[in-house]
Amino acid sequence: RYVLGGSTSSDLFNTGTKTTADEDGFIAIVSADFKTIEAAAYIGGSKSDRVLDVAVAEGPTFYVVGRTESADLPVHAGQFGATMNGTVDGFLLKYSLTSGGLQPQSGMFVGGPGTTIASGVAVTTIGTIVIAGTTNTRNPFPALTMGDDTANGNTDGFVYIVNTSMLYAEFFSFLGGSQNDDIAKV
C-alpha cells in the first residue's frame, strides 16, 4: 500500500510541500482499496530526487531509499553520512507516521565520489537496515566490517548495512564482475 517515485508536479498531493521545480521524490500510503491517500510526503532538496524503495518497521516507522542530486536533502546533521559525496548519491531516510502525517526522523547520504543509487532497503529482525544499489565509485563506503572492498567493473552492486540510529555502518561489500552490475532490491 505504498506508492513511491518522483514528480515535478506541485499538486500531486493535497498535503506536503514540493521543494523545487526539479523532480522531488515522494512516498504515499494508500488505503487497502487504493482509492484514498492516507498520508504522503514530498522528499527533496534543491535538485532532482527520487524515492525507489521502502521498508516498514515497527512503530510505524518507514525507511525510504533513493537517489539525489541535492546536497541540501534534509538529512539530520550529526548523523553518519551527513555530507553528500558524489554528483549523485543514494540516501536513506527514516519517517514515522503520526496523526500529523509522515514526519522525518533522521537520514543519511549513501555513496562515494561519482554516482551511487540506493535502490533497495530492508529492515532485519536484529535491528539493522540493509541498503542495496549500484555505484561507480572506486572507494568502499566506511564500515566496521568489509566484504569485497574492491570495485571490479564500470559499475558494481553494493550491500551496505547500517544500524537503525544511523550512527555507524556495520558492513559494506561491492558485488560485481568486470562490466556493469547492480542490485535492484534486497
Side-chain angles (χ1 to χ4, degrees), residues 2-7 22-27 43-45 47-57 61-76 79-95 106-186:
Y2 307 95
V3 180
L4 318 166
S7 177
D22 285 340
E23 179 181 51
D24 273 352
F26 68 84
I27 179 173
I43 298 169
K47 294 191 177 177
S48 182
D49 313 286
R50 180 173 281 266
V51 176
L52 298 172
D53 199 14
V54 61
V56 181
T61 300
F62 304 86
Y63 293 92
V64 296
V65 295
R67 55 160 296 289
T68 184
E69 297 173 14
S70 302
D72 59 348
L73 187 76
V75 299
H76 297 277
Q79 295 289 328
F80 175 74
T83 305
M84 188 170 176
N85 294 301
T87 53
V88 175
D89 265 11
F91 64 80
L92 169 67
L93 298 173
K94 177 181 179 180
Y95 280 79
S106 58
M108 63 183 278
F109 290 103
V110 176
T115 298
T116 300
I117 299 170
S119 56
V121 63
V123 180
T124 69
T125 58
I126 60 171
T128 56
I129 305 163
V130 181
I131 306 164
T134 188
T135 186
N136 69 1
T137 187
R138 310 318 310 151
N139 306 322
F141 308 161
L144 297 175
T145 305
M146 290 287 165
D148 181 356
D149 64 354
T150 303
N152 298 302
N154 298 323
T155 60
D156 285 318
F158 69 85
V159 174
Y160 200 35
I161 301 175
V162 299
N163 70 335
T164 54
S165 67
M166 295 183 216
L167 294 176
Y168 63 91
E170 296 185 8
F171 177 81
F172 174 82
S173 185
F174 287 113
L175 178 65
S178 62
Q179 295 297 314
N180 296 311
D181 306 289
D182 68 73
I183 300 174
K185 300 289 181 211
V186 62

*Asks:* So which atom in F91 and which in V51 form the shortest heavy-atom distance, rounded to 0.1 Å?
*Replies:*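 Looking at all heavy atoms of both residues, the shortest contact is CZ-CG2, 4.2 Å.
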*Asks:* Quick check: do E170 and N163 have side-chain heavy atoms less than 4.5 Å from each other?
*Replies:* yes
*Asks:* Run K94 and T61 through side-chain contact (heavy atoms from CB on, under 4.5 Å) and show every step you take.
*Replies:* CA-CA 7 Å; K94 177 181 179 180; T61 300; 3.5 Å; yes
*Asks:* Taking all non-hydrogen atoms of both residues into account, name the closest pair between A122 and A55 and its distance.
*Replies:*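 Closest approach of A122 to A55: CA-CB, 3.9 Å.
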*Asks:* Does any pair with a residue in residues 61-71 pass salt bridge (charged side-chain N to carboxylate O under 4.0 Å, His left out), and if so which ones, sequence neighbours excluded?
*Replies:*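 Sorted result for residues 61-71: R67-E69.
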*Asks:* Tell me which donor-acceptor pairs under 3.5 Å the side chains of residues 107-121 have, and how far apart each pair is, sequence neighbours excluded?
*Replies:*
from	atom 1	to	atom 2	distance (Å)
T116	OG1	T135	OG1	2.8
S119	OG	I183	O	2.7
S119	OG	A184	O	3.1

*Asks:* Distance only, no hydrogens: is a donor on one side chain within 3.5 Å (strictly under) of an acceptor on the other, for D148 and S173?
*Replies:* no
*Asks:* Between D89 and G86, is there a donor-acceptor pair closer than 3.5 Å when you use the side chain of the first and the backbone of the second?
*Replies:* yes
*Asks:* Does the ring center of F141 lie less than 6.0 Å from the ring center of F172?
*Replies:* yes
*Asks:* Compare all side-chain heavy atoms of L175 with those of F158 and state whether any distance is below 4.5 angstrom.
*Replies:* no
*Asks:* Please find the pair of heavy atoms, one from R138 and one from D156, that lie closest to each other, and give the distance.
*Replies:* NH2-OD2, 4.2 Å
*Asks:* Tell me whether the centres of the aromatic rings in F171 and Y160 are closer together than 6.0 Å.
*Replies:* no
*Asks:* I would like to know whether L92 and V162 meet side-chain contact (heavy atoms from CB on, under 4.5 Å); could you show each step before the answer?
*Replies:* CA-CA 10 Å; L92 169 67; V162 299; 3.8 Å; yes
*Asks:* So V56 and Y2, do their side chains get closer than 4.5 Å, heavy atoms only?
*Replies:* yes
*Asks:* Working to the nearest 0.5 Å, report the span between CD1 of I131 and CD1 of I161.
*Replies:* 9.5 Å
*Asks:* Can you confirm whether V3 sits close enough to F26 that some side-chain heavy atom of one is under 4.5 Å from a side-chain heavy atom of the other?
*Replies:* yes
*Asks:* Would S70 and D49 satisfy side-chain hydrogen bond (donor to acceptor under 3.5 Å, both in side chains), going step by step from the backbone distance to the final call?
*Replies:* CA-CA 7 Å; S70 302; D49 313 286; 3.0 Å; yes
*Asks:* Quick check: Y63 with Y95 (ring centres under 6.0 Å apart)?
*Replies:*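 No.
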*Asks:* Would you say that V54 contacts I27 through its side chain, given a criterion of any heavy-atom pair below 4.5 Å between the two side chains?
*Replies:* yes
*Asks:* What I'd like to find out is whether the side chain of L93 reaches to under 4.5 Å of the side chain of V75, using heavy atoms alone.
*Replies:*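 Heavy-atom side-chain distance check passes, below 4.5 Å.
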*Asks:* Using every non-hydrogen atom in the two residues, find where T124 and T128 come nearest and quote the distance to one decimal.
*Replies:*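 So the two residues come closest at OG1-OG1, 2.7 Å.
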*Asks:* Could you measure the distance from the CZ atom of R50 to the CD atom of E23? Nearest 0.5 Å is fine.
*Replies:* 4.0 Å
*Asks:* For residues Q179 and N154, determine if any side-chain heavy atom of one lies less than 4.5 Å from a side-chain heavy atom of the other.
*Replies:*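 The answer is yes; the side chains approach within 4.5 Å.
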*Asks:* Can you list everything that forms a side-chain hydrogen bond (donor to acceptor under 3.5 Å, both in side chains) with T155? Sequence neighbours excluded, please.
*Replies:*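 Only N180 meet the side-chain hydrogen bond (donor to acceptor under 3.5 Å, both in side chains) criterion with T155.
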